[in-house]
J.: 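This is the structure, below, for whatever I ask next.
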Amino acid sequence: MDTSSKENIQLFCKTSVQPVGSPSFKTEYPSSEEKQPCCGELKVFLGALSFVYFAKALAEGYLKSTITQIERRFDIPSSLVGVIDGSFEIGNLLVITFVSYFGAKLHRPKIIGAGCLIMGVGTLLIAMPQFFMEQYRYEKYSPFSNSTLSISPCLLESSSQIPISVMEKSQSKINNGCVQTVAIIGPIFGFLLGSLCAKLYVDIGFVNLDHVTITPKDPQWVGAWWLGYLIAGIISLLAAVPFWCLPKSLPSPQNREDSSSSSEKSKFIIDDHTDYQTSHGEKAKIMEMARDFIPSLKNLFGNPVYFLYLCASTVQFNSLFGMVTYKPKYIEQQYGQSSSKTNFVIGLINIPAVALGIFSGGIVMKKFRISVCGAAKLYLGSSVFGYLLFLFLFALGCENSDVAGLTISYQGTKPVSYHERALFSDCNSRCKCSETKWEPMCGENGITYASACLAGCQTSNRSGKNIIFYNCTCVGIASSTSGNSSGIVGRCQKDNGCPKMFLYFLVISVITSYTLSLGGIPGYILLLRCIKPQLKSFALGIYTLAIRVLAGIPAPVYFGVLIDTSCLKWGFKRCGSKGSCRLYDSNAFRHIYLGLTVILGTASIFLSIAVLFILKKNYISKHRSLITKRERTMVATRFRKENYTTSDHLLQPNYWPGKETQL
């Protein structure tokens, strides 16, 4: 199901060979009666295959959009989220090579249908933990009053407040092608679906939403991540239905077979499996095909152009997979955007730019009839300019939020030691505060505090969902004017220049996405033209396998591990183990995320240069051999002409009767 759509279409439409000696019945109007069933079933197959690609791309796009939601819901670090994202590709490892090799000889529609059923069931299983786990508990300050009674967040050592352990126990009791186009459209709808679900609270339908005190803009907000997986799973199950009603193959139209002018696509369709045409009653011999597996594999890896292009693509996809996986997280952490807005922007702006780039690359290849070397140059050029544009993003970041004890001192000066005890200061030394909790409060001085207790707040008032803290000693000492010692629940907004930086980031990101995707079709054509026709299906399977094994699985993992090193404040689970990151160092996050992407992209550029070098070397050697052969042919032709003239001259007599008369 992950092999090229071109394989699926051409394998389904391969010509059935008629048994020798069987009578052929021809009607008076064969064109109108014979083509209709084939074209009708072919349209059904194309429509069903397009729907499958849409369902698969929708699920993959939605998975990327829920990365931050899953991280907060299950309180896990980015490295573990990367493992979850990479595991989406692990199922392909067991079957993709053999399906690409043996699937060409078996019942392809039923294989696709079975794959859709497995994919649908697996997608539904992703959502199941929501129905077996307890409700989501976000860290919050919950006074035991509405608007009349106030309680002190700062529990003084000499005061007779309720002990922390009693409060935690009571709180716990309270909370008990056409196809390729559709494949591009799928992620768009996946991210838009992620944007919609991110606006809905995670436990919608299970809790009273009036009691939820956070909004989608709060960093602790978790949307209904599970809802989209239910929708994507049902769509995948529906996509499997048509394939169980389709035949194994269809006869190709006669005018297609006799056509002398054919495009790259039609050549691929016609040439790919000419060696495997069988009679009507003959069965595929799996053992004979298995014997050819190892020699075919050696043949592929013995092709230097194919091997180097495979390496270049693998390294580049490491860069792209890691970048795309953590792009929503990067936008949320770097520019302070909500998950809903982030997914909406990616789905409506970035992915269409990728689709336009792929389409433009195909138009350029078709209109200018670019050769293999030209395709390699276009592929290399798009990578070079794309990653050069990527460098501008280093200058389009936002500074760290001012968080007391983590990025700024309690007195409002920078820098500050990142030691954990920096959360405590003289202004909150008398309060019994927990250093592991993350209940952010924004003071009137524009500084965020890890909790109202660590801000030294003495009283609080709650009116509806709004909680206001007063008499905060730590807020007062960092205020420029006297009397500003209050704060509200939540983190302070980023600086005023951050929204403008986010706009510039979107513009550069869209241009970069378009430029990098411009080389997609040229690279694909290069892959098809550098190998033998009978190995194209197998080569595409190996290519897809390598991309998923060496890029799709490891890239999100090591990207996540390195991103976790930029964490300033870790959350802790109730069992005491480390949870998800609450606050990142924006500068370190930006340098790790963008730097790793550029380093991998640069490595792929050097490998692409090697591909172009070998292509030119082969072209020059072939050109020289062609010139040498042509010169030999010309010399041989001239020699034959000279011999013929000489022999003719020798045969002609020097004197004949009437010579003088004629002269």
Side-chain angles (χ1 to χ4, degrees), residues 137-172 174-175 211-215 217-221 401-412 416 420-479 483-493 568-572 574 582-583:
R137 296 180 180 181
Y138 53 90
E139 295 177 345
K140 60 182 180 178
Y141 176 76
S142 302
F144 304 112
S145 62
N146 283 331
S147 59
T148 56
L149 180 64
S150 64
I151 188 171
S152 171
C154 174
L155 300 177
L156 301 178
E157 295 179 359
S158 59
S159 63
S160 59
Q161 300 287 345
I162 304 175
I164 297 178
S165 60
V166 177
M167 288 185 65
E168 291 178 349
K169 290 180 180 179
S170 61
Q171 182 65 28
S172 64
I174 294 173
N175 291 330
H211 296 162
V212 179
T213 60
I214 57 176
T215 63
K217 294 183 179 180
D218 194 290
Q220 299 183 87
W221 175 271
S401 300
D402 291 337
V403 181
L406 294 176
T407 63
I408 192 174
S409 67
Y410 277 89
Q411 288 74 28
V416 68
E420 201 170 26
R421 295 299 297 179
L423 289 173
F424 295 99
S425 180
D426 293 336
C427 59
N428 57 28
S429 59
R430 297 183 61 195
C431 302
K432 293 182 177 179
C433 303
S434 172
E435 59 186 8
T436 60
K437 285 190 175 181
W438 178 252
E439 302 167 354
M441 186 210 79
C442 178
E444 287 190 4
N445 55 3
I447 298 177
T448 301
Y449 297 86
S451 66
C453 180
L454 289 171
C457 299
Q458 305 298 322
T459 58
S460 65
N461 249 335
R462 176 176 178 178
S463 179
K465 292 185 178 182
N466 297 322
I467 302 177
I468 303 176
F469 303 96
Y470 300 100
N471 300 327
C472 305
T473 56
C474 295
V475 177
I477 64 172
S479 299
N484 293 336
S485 59
S486 62
I488 59 174
V489 172
R491 289 170 59 176
C492 298
Q493 296 295 324
L568 295 177
K569 172 63 178 174
W570 286 100
F572 289 88
R574 288 177 174 81
R582 303 294 194 251
L583 180 68

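Numbers here simply count residues along the sequence, with the first being 1.
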J.: Is there a donor-acceptor pair closer than 3.5 Å between any side-chain N or O of D218 and the backbone N or O of T215?
T.: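 Checking the backbone N and O of T215 against the side chain of D218, no donor-acceptor pair under 3.5 Å is found.
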J.: Of the non-hydrogen atoms in R582 and F572, which two are nearest, and what is the gap between them?
T.: NH2-N, 4.4 Å
J.: Is the gap between the SG atoms of C442 and C492 under 2.5 Å?
T.: yes
J.: If you count heavy atoms of other groups shown closer than 6.0 angstrom to CD of Q493, is the number above 12?
T.: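 No, CD of Q493 has 12 or fewer neighbouring heavy atoms, counting only those of other groups under 6.0 Å.
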J.: Would a 4.5 Å heavy-atom cut-off, applied to side chains only, mark T436 and W570 as touching?
T.: no
J.: Considering non-hydrogen atoms only, spot the tightest contact between Y410 and C427 and give its length.
T.: CD2-SG, 3.8 Å
J.: For a 4.5 angstrom cut-off between non-hydrogen side-chain atoms, does E439 reach C453?
T.: no
J.: Identify the two heavy atoms, one from S486 and one from C472, that lie closest to each other, and give their separation to 0.1 Å.
T.: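 Nearest heavy atoms, S486 then C472: CA-SG, 4.3 Å.
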J.: For N445 and V475, work out which heavy atoms get closest and say how close.
T.: ND2-O, 3.4 Å
J.: What is the minimum heavy-atom distance between L423 and L454, and which atoms define it?
T.: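 Looking at all heavy atoms of both residues, the shortest contact is O-CD2, 3.6 Å.
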J.: Quick one: pull up CD1 in I467 and CG in N461 and give me the separation to the nearest 0.5 Å.
T.: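 Reported to 0.5 Å precision, the distance equals 10.0 Å.
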J.: So do the side chains of T473 and Q458 get within less than 4.5 Å of each other, counting heavy atoms only?
T.: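 Contact flag for T473/Q458 side chains = yes.
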J.: Which value, rounded to the nearest 0.5 Å, describes the distance between K569 atom NZ and T407 atom OG1?
T.: 13.5 Å
J.: To the nearest 0.5 Å, what is the distance between CD1 (I447) and OG (S409)?
T.: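 Result: 7.5 Å between the selected atoms.
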J.: Heavy atoms, side chains only, cut-off 4.5 Å: are L406 and L583 in contact?
T.: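 When only atoms from C-beta onward are counted, L583 and L406 do touch, with a gap below 4.5 Å.
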J.: Distance from I488 atom CD1 to S460 atom OG, nearest 0.5 Å?
T.: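 I488 CD1 to S460 OG: 13.5 Å, rounded to 0.5 Å.
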J.: Is there a side-chain contact between P440 and Q220, using heavy atoms and a 4.5 Å cut-off?
T.: yes
J.: Ignoring hydrogens, what is the shortest heavy-atom contact between Y449 and C474? Give both atom names and the distance.
T.: OH-O, 3.3 Å
